[in-house]
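Beneath this line is the structure, given in structure tokens, with notes to follow.
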2 protein chains.
Amino acid sequence: MLELDETPLRMTSQRKVIIDELRGLRTHPTADELFLRVRKKRPRISLSTVYRNLEQLAGCGLIQKLDLCGSQRRYDGDTAAHHHVRCLRCGRVDDIPSEAMGDLRKGVCKTCDYEIIGYRLEYLGFCPRCRKQVRRGKPVKPKPRKKG
Amino acid sequence: MLELDETPLRMTSQRKVIIDELRGLRTHPTADELFLRVRKKRPRISLSTVYRNLEQLAGCGLIQKLDLCGSQRRYDGDTAAHHHVRCLRCGRVDDIPSEAMGDLRKGVCKTCDYEIIGYRLEYLGFCPRCRKQVRRGKPVKPKPRKKG
DNA sequence: TTCAGGAATAGGAATCATTCTTAAAAAGGC
DNA sequence: GCCTTTTTAAGAATGATTCCTATTCCTGAA
């Protein structure tokens, strides 16, 4: 993993506060939740600065962008691979520690104290058409086409 | 599963066309993809009618609202539980037939012809705080609070 | 059949998360 | 300090979805 002093990014004070705040949290905040916290330390920061930095930091692997459901994207200061639980009522997201995986079938995760209702499994890959495109070097994730 | 003639919904012509179109598709369209198709048969239908009906039809179990990642929600005419693959390049979503599950570790799904890169697993449930609220009958999924 | 009341619709405005734009400020190297 | 490049604040723009409202459509009781 890239360390803070090895990035190609300039370590501005805003950037530093965003990383510190995110890494200090056990939760997995959305950009605007983080914005509210960061603003306490740096009142003139703007929401787009938070968004831009989260993307960039995720881009060089200093933090993790979570690919979960819900209407808002969430970010994680812990870049190790691990699973998550999402609360169906309030949307909060927590880690599932690997030692808790055994609990899951019982419907309650003792370690994280969630009542487990189910899970969602989604495979990711390239469809027949895009496999060819990717092989030819055509870029991944072009802008989704506009509706005609 | 509820059949078409058992719903509490009036079976309007718009509703009928939406269900028929969705059930006739092997893909898992977004609301606007479906809108474009439905519009060919019923040119005066509006996008909000499509959205509203998809929600209602999913609400009574006639169709399935897919809880996948990506910037647009997708809907499935097949209400049986099954897994999905999402193309990382174009966003297309296909079914993973249960007989294809054995293929997945090999990185290619023969039956669906996807190149499989990975998967996303997300557990769902109620967090400690919400467990109590749910037990007291407080509603699930209140409007997410506005940012202050 | 007719008609009143509820349900559904078209069309567009509003909302919300996210991305983009631009001019000004800050970093780093020299 | 000076120059070049990166980053920032602020707000506009975008895209998906939801909401609003006046109108139209059903349905069932009279």
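A, B, ... follow the sequence lines: proteins, then strands. Residue 1 opens every chain. Values below: every heavy atom of this structure, side chains too, minus hydrogens, waters and symmetry copies.
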- Side chains of A:V85 and A:V93: closer than 4.5 Å at any heavy-atom pair? no
- Message: Go nucleotide by nucleotide along DNA chain D from the 5' end; which of A:R42 and B:R73 gets its closest nucleotide reached first?
- Response: A:R42
- For A:P43 and for B:K65, find the nucleotide of DNA chain D with the closest heavy atom, then tell me which residue's nucleotide is more 5'. A:P43
- Apply side-chain hydrogen bond (donor to acceptor under 3.5 Å, both in side chains) to B:H28 and B:D94, showing your working. CA-CA 7 Å; B:H28 305 75; B:D94 280 281; 5.4 Å; no
- Check ion pair A:R73-A:E55 (N to O, under 4.0 angstrom): yes
Does [X] have a side-chain nitrogen or oxygen under 4.0 Å from the phosphate oxygens OP1 or OP2 of [N]?
| X | N | value |
| --- | --- | --- |
| B:Q14 | C:dA10 | yes |
| A:Y51 | C:dT18 | yes |
| A:R44 | D:dA10 | yes |
| A:S13 | C:dA26 | no |

Take atom [atom1] of [X] and atom [atom2] of [N], then tell me their distance rounded to the nearest Å.
| X | N | atom1 | atom2 | result |
| --- | --- | --- | --- | --- |
| A:Q56 | C:dC20 | CD | C1' | 14 Å |
| B:I18 | C:dT9 | CD1 | C1' | 11 Å |
| B:F35 | C:dG11 | CZ | C1' | 10 Å |
| B:L54 | C:dA8 | CG | P | 15 Å |
| B:R52 | D:dT21 | CZ | P | 15 Å |
| A:E55 | D:dT7 | CD | C1' | 16 Å |
| A:L9 | C:dG28 | CG | P | 11 Å |
| A:L47 | D:dA13 | CG | P | 17 Å |

Can you find an N or O donor on one side and an acceptor on the other, under 3.5 Å apart, linking the side chain of [X] with the base of [N]?
| X | N | answer |
| --- | --- | --- |
| A:S48 | D:dG11 | yes |
| A:R10 | D:dT5 | yes |
| A:S46 | D:dG11 | no |

- Taking only the side-chain heavy atoms of B:N53 (C-beta and beyond), determine which of D:dT7, C:dT18, C:dT9 contains the nearest atom. C:dT9
- Task: For the side chain of B:Q72, starting at C-beta, report the closest nucleotide among D:dT7, D:dT17, C:dT19.
- Result: D:dT17
- Check each of A:H83, A:R86, A:H84 against B:E122 using the side chain to side chain donor-acceptor pair (under 3.5 Å) test, and report the only one that passes. A:R86
- Query: Pick one: which of A:L54, A:L62, A:N53 meets side-chain contact (heavy atoms from CB on, under 4.5 Å) with A:I19?
  - Reply: A:L62
- So if you build clusters from Ile, Leu, Val, Met, Phe, Trp, Tyr with side-chain heavy-atom gaps below 4.5 Å, do A:L9 and A:Y75 land together? yes
- Task: Select base, sugar-phosphate, or nothing to describe what A:R15 touches, counting heavy atoms under 4.0 Å on all strands.
- Result: sugar-phosphate
- Task: Classify the nucleic acid contact of B:T12 as base, sugar-phosphate or nothing, counting any heavy atom under 4.0 Å across all strands shown.
- Result: sugar-phosphate
